[in-house]
Amino acid sequence: MEMARIGVTGLAVMGRNLARNLARHGHSVALHNRTSARTKALVEEFGGEGTFVPADTPEAFVAALERPRRLVIMVKAGGPTDAVIDEFAPLLEPGDMIVDGGNANFVDTRRREAALRERGIHFVGTGISGGEEGALHGPSIMPGGSAESYAALGPLLEDIAAEVDGTPCCTHVGPDGAGHFVKMVHNGIEYADMQLIAESYDLLRHAAGLAPAEIAEVFRTWNTGRLESYLIEITAEVLAHTDAATGRPFVDVVLDQAEQKGTGRWTVQTALDLGVPVSGIAEAVFARSVSGHAGLREAAQNLPGPSRGLVAGSGLADAVEKALYASKIVAYAQGFHQIQAGSAEYGWDIDLGAMAAIWRGGCIIRARFLDRIRAAYQADPETPTLLTDAHFTEAVGDAQDAWREVVGTAARLGIPVPGFSTALAYYDSLRADRLPAALTQAQRDYFGAHTYRRVDREGSFHTLWGGDRTEVTA
Ligand code: 6PG
């Protein structure tokens, strides 16, 4: 029987496209699916693209793999992933590797990696971004797991990944759950980026009074500058699209309730545990949540708002571009802070510049601006925040007047801009010489004797609020 270099089980669209991408790059691919009709269909339709070795049973699939075996599972995250691991792990031998290319929670990945490591099997939790098209033509790939597994697997993944300036958008992220953690934060940033774009659209529509087709043109122009990115590009496409059934702008016939599968929520939950302020991502998750509360929104329809008036069109578009760029820098700074914190917490030693580099192509947040982030971390790998990198400091400094205008205009007109305003609040909080946290801490001491530290002396103190208000050392 012909041996395959790698195998893919789970041949729904992502798995199928990944298998085809591997085959197109000259790697023989064993194929398996719970129902073999899918395996057959793939071979019938795309067999000419490379060498496929179809297998009807898990045993035949495993037997078809060269050793060490590289077995990629592309199934639904959660229970189905555990079920497939339980099915295949007993058939494997020490040194073999199971690669999970789904959007798994990194905590699950850590658990699975530890359990399989005990049996000598490498478990590689891998983020794969770029959707169906990316899987076929070149995704951004974020593999975790052991360095040893990357040595055997990395070259294949680098072959099929997107490429920017001759560099593959794939690198070893770090041990155990590091790959899925980084993919999770990627998705959180994706949420924030999408929210900021949505707010920009809303302002251009309702404050500047532009029609969707005109806004599409604004986005097209932005896509030739520093905001150039996949998300800006597709925004222009969506806004220019007309609904065939009604002749109305497509965006007007889509129900205004944004759904989510969970990775954005995980990013925020994890950030809360790590104590990292990712307010841009959190607002984006909450904005989707608010949109989905149809009953609540219905009940609030008649709440009073300001009397709306349009503001001048052309000037606003330029100001919104600046607000968008500045807010985007903040969202990415927060996301990278979270990766830095996760890396420190779990001992992953993640190279932040390398993460920016592998997000430059293939993935949903691919953008020209990621090259700037890569350069910032190359210049100073220990930089506490991207905002203090000279390029970003200058960009935000130049944008800030317009940014403040935009947030103020939105507030006056009653247009919700949670992404823009939280980004600005974060920026101003970081800059502040003194924060009102001093008052918060004093209140905590007042009602709960939680103590405080002083600006002028070491130690912890408590004021006897209920007594003579002298200060005691805590
Ligand atoms: C990607 C995407 C992909 C998917 C998200 C969407 O990187 O290719 O992020 O993973 O489109 O799961 O997430 P929501 O369904 O939660 O919006």
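Just follow the structure's listing: the first ligand is 1, and inside any ligand the first atom is 1.
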*Side-chain donor-acceptor pair under 3.5 Å between N103 and K261, yes or no?*
no
*Considering E259, K183, R366, R288, which one's heavy-atom position lies nearest to atom 17 (O) of ligand 1?*
R288
*ligand 1 N/O within reach of K261 N/O, cut-off under 3.5 Å*: yes
*Any idea which protein heavy atom is nearest atom 16 (O) of ligand 1, and the distance to it?*
Y191 OH, 2.4 Å
*ligand 1 to Q260 polar contact by distance, N or O atoms, under 3.5 Å*: no
*asked:* Tell me whether ligand 1 is touched by A258 - counting only heavy atoms on the residue side and a distance under 4.0 Å.
replied: no
*asked:* Under a 3.5 Å cutoff, is there a donor and acceptor pairing between the side chains of D243 and T246?
replied: yes
*For G262, counting its heavy atoms only, list the atoms of ligand 1 lying under 4.0 Å from any of them.*
16 (O)
*Nearest neighbour in protein (non-hydrogen) for atom 5 (C) of ligand 1*: N187 ND2, 3.7 Å
*Going by the order shown, which atoms of ligand 1 are within less than 4.0 Å of some heavy atom of H186?*
7 (O)
_Can you tell whether the side chains of D371 and R366 come within less than 4.0 Å, N to carboxylate O?_
no
*Top protein contact for atom 12 (O) of ligand 1, by heavy-atom distance*: N103 ND2, 3.5 Å
*Looking at atom 9 (O) of ligand 1, what's its closest protein heavy atom, distance included?*
E190 OE1, 2.6 Å
*Looking only at side chains, do Y150 and E158 share a donor and an acceptor under 3.5 Å apart?*
yes
_Under 3.5 Å between any N/O of I128 and any N/O of ligand 1: does that happen in this structure?_
no
*May I ask you to identify the nearest protein heavy atom to atom 7 (O) of ligand 1, giving residue, atom name and distance to one decimal place in Å?*
S129 OG, 2.4 Å
*Could you list the atoms of ligand 1 found under 4.0 angstrom from a heavy atom of I364?*
1 (C), 2 (C), 7 (O), 8 (O)
*asked:* Closer than 3.5 angstrom, by distance alone: can the side chain of T35 be matched with the main-chain N or O of A37 as a donor-acceptor pair?
replied: no
*In a check of salt bridge (charged side-chain N to carboxylate O under 4.0 Å, His left out) between D165 and each of R360, R368, R374, which one passes?*
R360
_In this structure, is the centre-to-centre distance between the rings of Y201 and F219 below 6.0 Å?_
no
*asked:* I'd like to check which ligand 1 atoms, numbered from 1 as shown, lie under 4.0 Å from a non-hydrogen atom of G131.
replied: 8 (O)
*Between F106 and W266, is the ring centre distance below 6.0 Å?*
no
*Kindly state whether the ring of F181 and the ring of W348 have centres lying under 6.0 angstrom apart.*
yes
*asked:* So for ligand 1, is G130 a polar contact partner (N or O within less than 3.5 Å, distance only)?
replied: yes
_Given 3.5 Å as the limit, does a donor-acceptor pair link the side chain of S343 with the main chain of D349, or not?_
yes
